[in-house]
Amino acid sequence: MRWSKCFIPTLREDPAEAEVISHKLLLRAGMIRKLASGIYNFLPLGFKALKKIENIVRNEMNKAGALEILMPFVQPAELWKETGRWDDYGKELLRFKDRKEHDFCLAPTHEEVITEIVRKDVKSYKELPLILYQIAVKFRDEIRPRFGIMRAREFIMKDAYSFDADWEGLDKSYQKMYETYEKIFTYCGLKFKAVEAHTGAIGGDVSHEFMVLAETGEDVLAFCEKCGYASNVELTPAILGEKYSSEPEKPLEKVYTPGVRTAQEVADFLGLPVSKITKTLIYIINEKEAVAVCIRGDHEVNELKLEKLFPGKTFRMANEQEIKKIVGASPGFIGPKDLKIKVIADKALEGYPNFVIGANEDEYHYINANLGSTFKPDLIADVRKASEGDLCPKCKNPLQFTRGIEVGHIFKLGTKYSKSMKALFLDRDGQMKPFIMGCYGIGVSRVLAATIEQNHDENGIIFPWHIAPFQIAVLYLKKDFEEEAEKIYRNLSQKWDVILDDRDERPGVKFKDMDLIGIPLQIIFGKSYEKNKEVEVKIRKTGERKYLKPENLENFVNEFENEKN
RNA sequence: CGGGACGUAGCGCAGCUUGGAAGCGCACCCGCUUGGGGUGUGGGGGGUCGGCGGUUCAAAUCCGCCCGUCCCGACCA
């Protein structure tokens with residue numbers, strides 16, 4: 001491709017609308033443009049990178065024996081009503097009516113449709129296992145789209161679905177997809193980690209997320225270097241690494257703490273570490289029952305864990321008025337002692353001597369509270385987020401934490417959809433049985449954003465070899481070298497994706513643009529060529545420069561491709 | 001959904017407080033210049049000032065409503 005014939009509208013300045021680096025660079029590199037909030041155009045360069053990712057995914061999926069199909073983006077409500085998700089999915093599901101006033105939605109995912117396909121035409125265990133997938137547009141009407149294509153409303157996703165006759169079959173399909181995902185992200189050139197994850201709105205019980213490691217990631221991962229345990233922190237059991245001293249219980253004492261509300265304020269006021277303070281949070285279960293959750297001041301409640309204590313029930317935090325009504329005190333002065341509602345104490349309070357609690361009376365706290373003698377919780381449970389200093393739930397080594405961007409998520413669905421949609425096959429024992437399903441997603445457009453989030457410097461994007469829209473850039477700095485540059489460009493184009501910067505621009509412009517769009521190898525016809533007919537090869541990632549005779553270029557690129565990737 | 005901010009040329013912004021001829025930089029077009037990190041210079045084109053309504057002799061500027069966009073929050077009591 002010649003730059004002059006391509007549409008690459010690069011920007012010199014950061015657009016005001018972009019906050020995170022991948023969003024800024026995607027816009028500046030002329031790869032995407034916003035059409036509406038969370039809805040983007042992919043311009044030629046962005047589209048090309050996207051197609052590279054798609055093809056990597058496609059290749060590996062095909063190798064794993066999955067079959068590519070394409071399902072509709074617009075779906076009838078009837079299917080969604082069958083599984084109950086028409087009501088359960090919430091506002092993320094964008095609904096509308098057609099001219100005949102029939103309900104439709106834009107597909108946020110395709111479990112219903114795939115199950116419909118399979119229940120109609122797969123009748124026998126002999127046709128199993130079956131893995132179908134597509135690479136297609138999805139629409140989720142996110143509460144708050146942000147970060148460009150990282151959390152867009154409309155996005156490209158690869159979604160695959162497996163159908164097995166039994167649970168062992170599902171285990172095998174799941175394992176196969178797990179390994180395929182590892183191959184895909186490795187081939188993409190990404191640093192990633194697979195972690196145990198929460199299943200969320202899709203359902204099922206076992207799931208893993210594939211996380212691209214990046215400081216700007218929205219998720220926190222806990223992992224153990226020793227045994228390999230890794231999970232999304234929202235799922236990690238919290239095992240305190242700290243050993244509590246066996247200091248004797250001191251007498252409970254009510255203290256005047258005017259105007260101090262947050263745990264930190266209380267700690268500062270009393271001259272104690274914030275860990276010695278506890279906070280008590282009031283939750284409303286199913287809009288009727290209130291419960292109190294008591295936790296150390298330096299810990300955070302993990303609502304997912306809380307949710308599991310009340311399966312199937314809705315819950316939310318109480319607001320200030322409700323708290324006053326239930327407790328008789330303002331937020332900030334609530335404590336577990338003498339509460340008339342159910343009290344859940346976090347496990348980390350067990351054996352913790354002499355801590356501070358709210359007195360359920362404005363402007364007062366108790367010091368030297370102890371679990372058991374001061375108050376008896378109705379339940380002691382792990383309800384906090386694991387954090388620095390906690391131990392691996394498998395091998396008890398200290399956990400490590402890092403941030404990541406979720407680019408893939410695989411689930412063992414089981415029979416959630418096949419049962420509710422009556423998707424049955426005839427097994428070898430003559431019984432009709434529901435398919436055992438799995439589903440496997442990759443956010444293709446998000447992979448592009450995550451790649452940039454992980455691979456950039458102050459000059460722009462640094463594309464990994466296999467995702468780069470072009471692998472090689474040829475640029476000549478003087479018109480005199482046009483012919484030679486053309487020759488090299490045509491030559492290398494036979495094996496690789498090459499872009500020729502044939503614009504009549506100053507060298508600085510060409511360099512800046514090429515660095516910005518992140519092409520891994522730049523072949524420069526400039527001073528070195530003028531002097532001794534050697535081209536300069538600049539490696540985008542390291543900034544390293546090599547000087548080669550044009551006839552040696554092909555060998556060099558071959559070697560580079562093999563060793564670096 | 002709650003809070004905050006913004007909306008002026010393709011992009012980045014100033015002007016608004018205190019109403020009185022719509023500006024700057026980049027980009028774009030033409031000329032010269034320059035040619036290894038967004039060259040310098042001269043000239044030029046481009047605007048329903050987000051929309052509607054109001055106040056006023058006069059509105060980008062003041063007031064009201066609406067639309068759009070971004071940020072923070074939607075669990076830390």
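Per chain, numbering begins at 1; letters A, B, ... match sequence-line order. Since the structure is predicted, the reported quantities are computational estimates derived from the model, not experimental observations.
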Worksheet item: Per the atom types in the model, does the base of B:G37 pair as donor or acceptor with the side chain of A:D515 at under 3.5 Å?
Response: yes

Worksheet item: Heavy-atom contacts under 4.0 Å between residues 360-376 of chain A and RNA chain B, which residues?
Response: none

Practice prompt. Answer whether the closest heavy-atom distance between the side chains of A:E218 and A:R151 falls below 4.5 Å.
Written response: yes

Worksheet item: What interatomic distance, in whole Å, is found between C1' of B:U8 and the corresponding atom of B:C49?
Response: 4 Å

Practice prompt. Determine the interatomic distance between P on B:C11 and the same-named atom on B:A27; round to the nearest Å.
Written response: 15 Å

Worksheet, complete the sentence: Against the side chain of A:A36, the closest entry in B:G36, B:U69, B:U34 is B:U69

Fill in: Paired nucleotide for B:G37 [Watson-Crick or G-U wobble; both distances under 3.5 Å]
none

Which pairs, protein N/O on one side and nucleotides 43-52 of chain B N/O on the other, fall under 3.5 Å?
none

Worksheet item: If the C1' atom of B:C52 is compared with that of B:G68, how far apart are they to the nearest Å?
Response: 15 Å

Discussion item. For A:R540, is there an ion pair with A:D457 - N to carboxylate O distance below 4.0 angstrom?
Written reply: yes

Worksheet entry | Closest non-hydrogen atom pair, A:H456 against A:I462 | C-CD1, 3.8 Å

Discussion item. Any heavy-atom pair between the side chains of A:L521 and A:F556 that's under 4.5 Å?
Written reply: yes

Worksheet item: With a non-hydrogen cut-off below 4.0 angstrom, is A:K538 in contact with a base, only sugar-phosphate, or nothing?
Response: base

Response to the item:
RNA chain B nearest-nucleotide lookup for A:Q264 and A:A16: closer to the 5′ end is A:A16

Item to complete: State which of B:G35, B:C75, B:G38 makes the closest approach to the side chain of A:T10.
Response: B:G38

Between N or O atoms, less than 3.5 Å apart, protein on one side and nucleotides 24-26 of chain B on the other: list the pairs.
{"unit_1": "B:G25", "atom_1": "N2", "unit_2": "A:E13", "atom_2": "OE1", "d": "3.3"}
{"unit_1": "B:C26", "atom_1": "O2'", "unit_2": "A:R12", "atom_2": "NE", "d": "3.4"}

Item to complete: Measure distances between side-chain N and O atoms of A:E530 and base N and O atoms of B:G36, and say whether any donor-acceptor pair falls under 3.5 Å.
Response: no

Fill in: Min side-chain heavy-atom separation A:E453-A:M150 under 4.5 Å
yes

Worksheet item: Want to settle it: does A:A263 or A:I524 sit nearer the 5' end of RNA chain B, counting the closest nucleotide to each?
Response: A:I524

Response to the item:
Atom CD of A:E19 and atom C1' of B:C6 are separated, to the nearest Å, by 13 Å

Worksheet item: Among A:V474, A:I523, A:I472, A:L475, which one satisfies side chain to side chain contact (heavy atoms under 4.5 Å, CB included) with A:L500?
Response: A:V474

Discussion item. Any carboxylate oxygen within less than 4.0 angstrom of a Lys/Arg side-chain nitrogen, looking at A:E482 and A:K479?
Written reply: yes

Worksheet item: Quick one: salt bridge (Lys or Arg N to Asp or Glu O under 4.0 Å) partners of A:E350, sequence neighbours excluded?
Response: none

Practice prompt. With heavy atoms under 4.0 Å as the rule, sort A:K34 into base, sugar-phosphate or nothing.
Written response: sugar-phosphate

Practice prompt. Could you tell me which nucleotide pairs with B:C57 by Watson-Crick or G-U wobble geometry, both distances under 3.5 Å, or answer none if nothing does?
Written response: B:G20

Worksheet item: Under the 3.5 Å rule, do the base of B:G38 and the side chain of A:D513 count as making a donor-acceptor pair?
Response: yes

Worksheet item: By salt bridge (Lys or Arg N to Asp or Glu O under 4.0 Å), which residues pair with A:E536, not counting sequence neighbours?
Response: A:R545

Worksheet item: Quantified in whole Å, what is the C1' atom distance between nucleotide B:U48 and nucleotide B:A9?
Response: 13 Å

Worksheet item: Rounding to a whole Å, what distance do you find between A:D501:CG and B:G36:P?
Response: 15 Å

Discussion item. Please give the distance between the C1' atoms of B:A77 and B:A59 as a whole number of Å.
Written reply: 49 Å

Worksheet item: Counting any heavy atom closer than 4.0 Å, what does A:K479 reach on the DNA or RNA strands: base, sugar-phosphate only, or nothing?
Response: nothing

Worksheet item: A:K478: what forms a side chain to side chain donor-acceptor pair (under 3.5 Å) with it, not counting sequence neighbours?
Response: A:E530

Response to the item:
The nucleotide from B:C76, B:G12, B:G36 with an atom nearest the side chain of A:P15 is B:G12

Practice prompt. Report which part of the nucleic acid A:E17 touches: base, sugar-phosphate, or nothing (heavy-atom distance under 4.0 Å, all strands).
Written response: sugar-phosphate

Worksheet item: Are A:D382 and A:K305 ion-paired here, with the side-chain N under 4.0 Å from a carboxylate O?
Response: yes

Worksheet item: When you compare B:A60 with B:A14, how far apart are their C1' atoms, in angstrom units rounded to a whole number?
Response: 12 Å

Worksheet item: Which part of the nucleic acid, if any, lies within contact of A:A329, taking any heavy atom under 4.0 Å across all strands shown: a base, the sugar-phosphate backbone alone, or nothing?
Response: nothing

Worksheet item: Just checking A:R545: base, sugar-phosphate only, or nothing, at a heavy-atom cut-off of under 4.0 Å?
Response: base

Item to complete: Look at all strands and tell whether A:I143 reaches a base, only sugar-phosphate, or nothing, counting heavy atoms closer than 4.0 Å.
Response: base

Worksheet entry | Partners meeting ring pair (Phe, Tyr, Trp, His ring centres under 6.0 Å) with A:F525 (sequence neighbours left out) | A:Y529

Worksheet item: Going by the angle between their ring planes, with limits at 30° and 60°, are A:F375 and A:F355 parallel, tilted or perpendicular?
Response: perpendicular

Would you tabulate the pairs of protein nitrogen or oxygen atoms and nucleotide nitrogen or oxygen atoms of nucleotides 7-10 of chain B closer than 3.5 angstrom?
none

Practice prompt. Please report, rounded to the nearest Å, how far the C1' atom of B:G36 is from the CD atom of A:Q522.
Written response: 12 Å

Practice prompt. Please identify each residue that fulfils ring pair (Phe, Tyr, Trp, His ring centres under 6.0 Å) with A:Y547, with sequence neighbours left out.
Written response: none

Worksheet item: Between atom NZ in A:K308 and atom C1' in B:C75, what is the gap in whole Å?
Response: 17 Å

Discussion item. Taking the P atom in each of B:A22 and B:G40, what is the distance between them to the nearest angstrom?
Written reply: 31 Å

Worksheet entry | Any A:I149 side-chain heavy atom under 4.5 Å of A:M31 side chain | no

Worksheet item: Side-chain N or O of A:S37 less than 4.0 angstrom from OP1 or OP2 on B:C70?
Response: yes

Worksheet item: Rounded to the nearest Å, what distance is computed from the CD1 atom of residue A:I32 to the C1' atom of nucleotide B:C11?
Response: 15 Å

Worksheet item: A:R384 near the nucleic acid: base, sugar-phosphate alone, or nothing, with a heavy-atom cut-off under 4.0 Å?
Response: nothing

Practice prompt. Using a heavy-atom cut-off of under 4.0 Å over every strand shown, decide if A:P331 touches base, sugar-phosphate, or nothing.
Written response: base

Worksheet item: With both distances kept under 3.5 Å, what pairs with B:C6, Watson-Crick or G-U wobble?
Response: B:G68

Fill in: No-H, no-angle donor-acceptor pair, A:R146 side chain to B:G73 base, under 3.5 Å
no

Discussion item. For a quick check of understanding: with a heavy-atom distance under 4.0 Å over all strands, which category does A:D504 fall into, base, sugar-phosphate or nothing?
Written reply: base

Discussion item. Using the P atom as the point on both nucleotides, what is the distance between B:C6 and B:G53, in whole Å?
Written reply: 25 Å

Fill in: Watson-Crick/G-U partner (both atom distances under 3.5 Å) of B:C1
B:G73

Practice prompt. Please identify each residue that fulfils side chain to side chain contact (heavy atoms under 4.5 Å, CB included) with A:V301, with sequence neighbours left out.
Written response: A:L281, A:Y283, A:V293, A:I295, A:E303, A:L306

Fill in: Residues that A:E92 engages under salt bridge (Lys or Arg N to Asp or Glu O under 4.0 Å), provided they are two or more places apart
none

Worksheet entry | Contacts of type salt bridge (Lys or Arg N to Asp or Glu O under 4.0 Å), residue A:E363, not counting sequence neighbours | none

